[in-house]
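Positions are given from 1 along the sequence.
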Amino acid sequence: MSLLHLNKTERKLSLKNPANPELFRRIYPYTNISRISFDDRFIMPRPADPMFITDTTFRDGQQARPPYSVEQISHIFDLLHKLGGKSGLIRASEFFLYSDKDRRAVEACLAKGYKYPRVTGWIRANAKDLKLVKDMGLTETGMLTSVSDYHIYLKLQKNRKQAMDDYLEVVSKALDWGITPRCHFEDITRADIYGFCIPFAQKLMQLSKEYHLPVKIRLCDTMGYGVPYPGSDLPRSVARIVRAFTDEAEVPGEWLEWHGHNDFHKVLVNGVVAWLYGCGGINGTLLGFGERTGNSPIEALVIEYIQLTGDDDAAETPVISEIAEYFERELGYRVPDNYPFVGKDFNATSAGIHVDGLLKNEEIYNIFDTTKLLNRKVPIIITDKSGRAGVAYWINHQLGLSKDAQIDKRHPAVGKIYESIEKAYQAGRTTSFSNQEMKSLVKRYLPELFASEFDHLKQLAHNLSARLVVRLSESPEVRSMNPDAAGKVIGDFLAKYPVIQFVNLVDTDGKVVERVVANEEDKPKYAPLTRGTDLSSREWFITPMQTGKLHITNFYQSQYTGKLLLTVAVPVVDEQDNPRGVLGADIRFEELLKRHAELDPQDPTEMV
């Protein structure tokens with residue numbers, strides 16, 4: 001409870017309904033950068049009690065990335081519960097309700113039976129959308145109630161009174177159905193706070209009293225215009241906006257949320273200011289995903305909450321790293337190396353931390369015990385001063401090798417990696433080695449450490465072969481087993497797909513019918529492999545002949561080019577499915593690695 005005595009306002013403000021929109025051209029000139037104005041009115045902080053977080057990862061967050069699957073939403077919802085839902089710090093999560101997939105995701109999360117985060121909806125402010133909430137059995141929903149004249153006059157083509165009447169009609173309908181409405185005051189930092197927002201909020205509080213149900217309000221800084229500065233003026237002052245709602249409209253702080261955007265790099269600090277001046281909830285997304293520049297990162301809000309309250313038990317902070325790893329592993333999102341709390345180098349100094357320094361005292365450079373609190377050890381930055389010990393430490397740390405699998409600094413490959421690093425500096429390099437550069441070096445000298453990536457690339461090769469190599473094997477020219485006809489089709493194929501180094505067509509005895517080399521410079525290396533050469537002992541021939549199915553070998557080193565390859569082999573059959581031979585395509589690891597980001601596993605024919 002606040003120790004400050006607060007005199008509640010008796011003022012009832014009336015709606016202003018001008019003929020023309022108020023666009024605040026003095027501070028929003030549009031053809032110039034927006035202005036921040038001050039009126040020297042200062043108000044004291046009055047922190048919300050309680051302070052909490054709400055989530056919009058599956059609503060606003062999905063507007064900034066490819067949609068999540070139902071299974072992914074279900075798993076991320078589990079992570080939200082694990083991070084802060086158990087304590088109630090992460091109180092609610094909102095969902096779209098429009099598609100069948102949206103509704104299945106809601107059902108999957110409701111079935112978990114978690115108290116927190118509660119599952120809530122998001123709709124437009126109309127009766128048709130509200131029925132979706134009722135049909136899903138949800139007890140709370142956000143609804144879009146835009147409040148700036150930019151939206152009311154220019155987008156909705158209404159005046160303020162028409163907009164308010166329409167909003168109040170849907171809110172009343174929700175209350176009739178026992179649904180708690182959460183009105184999203186969209187674009188609040190360009191709105192007339194006392195001429196529209198507060199009169200509207202007062203009407204909502206009247207409805208709340210009539211129905212004996214909460215009516216919540218989300219203050220949406222849609223364009224990121226909010227500012228945290230003391231003495232700043234409305235409508236941009238976050239503190240003044242919050243206090244107008246708590247003091248003038250008498251909205252309980254627990255019914256208020258702040259939803260910010262990061263257009264001006266203020267999304268986190270604005271949310272925290274809203275907390276400090278009486279707004280109970282801050283709405284955010286995991287890793288800050290959100291429309292345009294994104295929303296308040298939930299993981300940052302968790303850390304800030306603990307800093308403000310000292311409540312270490314409010315969240316399981318190591319889950320933050322688990323969330324980042326899931327986004328990278330399962331969703332293909334690369335977290336920037338310097339991203340706070342979860343980037344690979346976020347707790348490393350740009351000058352480099354040597355292994356000796358780590359052993360002496362990591363606290364010199366580390367913000368807190370990141371191993372304990374985030375399950376993230378302190379990394380080192382590799383330079384020519386790192387030594388073999390530094391290279392070995394980087395490998396073991398960055399690749400997360402178990403104690404038994406860790407690489408010793410005396411390993412020959414570590415020596416070769418460090419020699420490559422030294423040569424770069426001897427040639428004039430002055431910057432440190434990036435994680436990507438180090439990863440490339442380690443792949444070159446210790447490829448066995450990347451088994452999981454090998455598996456991923458092998459799967460890509462499988463996706464590729466399922467469409468391309470199989471289609472090639474079914475062409476009439478290949479089925480004919482005529483060397484010249486088949487050779488021309490195979491040559492055209494290799495010209496289109498340079499990830500494939502070499503194609504072999506052999507008959508049922510394993511003897512070469514035709515072979516085509518992709519690169520001109522490699523042709524002399526394949527000279528010993530002529531028509532009629534017996535390859536019947538090769539795995540890629542034996543397995544398809546025995547099973548009648550496509551087969552992919554493990555990676556191996558080509559005896560002709562020395563390159564790392566895998567072979568995709570498919571049976572060649574006639575129109576009656578009688579075996580005619582085997583078609584084998586050698587895929588180069590280096591090219592596959594280089595081009596795997598270009599491959600769409602659903603449509604590998606688009607690879608160039």
Are [X] and [Y] close enough that some pair of their side-chain heavy atoms sits under 4.5 Å apart?
X    : Y    : value
L301 : E304 : no
V70  : K101 : yes
L79  : Y326 : yes

At what distance, to the nearest 0.5 angstrom, does [atom1] of [X] lie from [atom2] of [Y]?
X    : Y    : atom1 : atom2 : value
N554 : L565 : CG    : CG    : 13.0 Å
S432 : I382 : OG    : CD1   : 9.0 Å
R580 : E575 : CZ    : CD    : 10.5 Å
I90  : Y114 : CD1   : OH    : 12.5 Å
E330 : Q72  : CD    : CD    : 7.5 Å
Y526 : D586 : OH    : CG    : 5.5 Å

Judged by modelled atom types alone, do [X] and [Y] share a side-chain donor-acceptor pair under 3.5 Å?
X    : Y    : answer
E539 : H551 : yes
Y68  : T57  : no
D384 : Y418 : no
S321 : N375 : no
N262 : T293 : no
S536 : D534 : yes

ask   = Per the side chain to side chain contact (heavy atoms under 4.5 Å, CB included) rule, which among T533, L583, L535 passes with V506?
value = L535
Using a strict threshold of under 4.0 Å (side-chain N to carboxylate O), is an ion pair present between [Y] and [X]?
X    : Y    : result
R479 : D574 : no
R410 : D408 : yes
D492 : K496 : no

Set of side chain to side chain contact (heavy atoms under 4.5 Å, CB included) partners for T547, sequence neighbours left out = T543, K549
request  = Please name all residues satisfying side chain to side chain contact (heavy atoms under 4.5 Å, CB included) with L373, sequence neighbours left out, ordered by chain then number.
outcome  = T317, F368
request  = Kindly say whether the aromatic ring centers of F346 and Y339 come within a distance under 6.0 Å.
outcome  = no
query = With ring centroids as reference points, do F95 and W122 lie under 6.0 angstrom apart?
reply = no
message = Parallel, tilted or perpendicular, judged at 30° and 60°: which one describes the rings of Y333 and F289?
response = perpendicular
request  = Using side-chain hydrogen bond (donor to acceptor under 3.5 Å, both in side chains) as the criterion, point out the one residue from T222, D60, T56, T54 that pairs with H259.
outcome  = D60
From CA spacing to verdict: side chain to side chain donor-acceptor pair (under 3.5 Å), S558, K525 = CA-CA 11 Å; S558 170; K525 300 172 185 175; over 6 Å; no
ask   = Under 3.5 Å, is there a donor-acceptor pair between the side chain of Q62 and the main chain of R59?
value = no
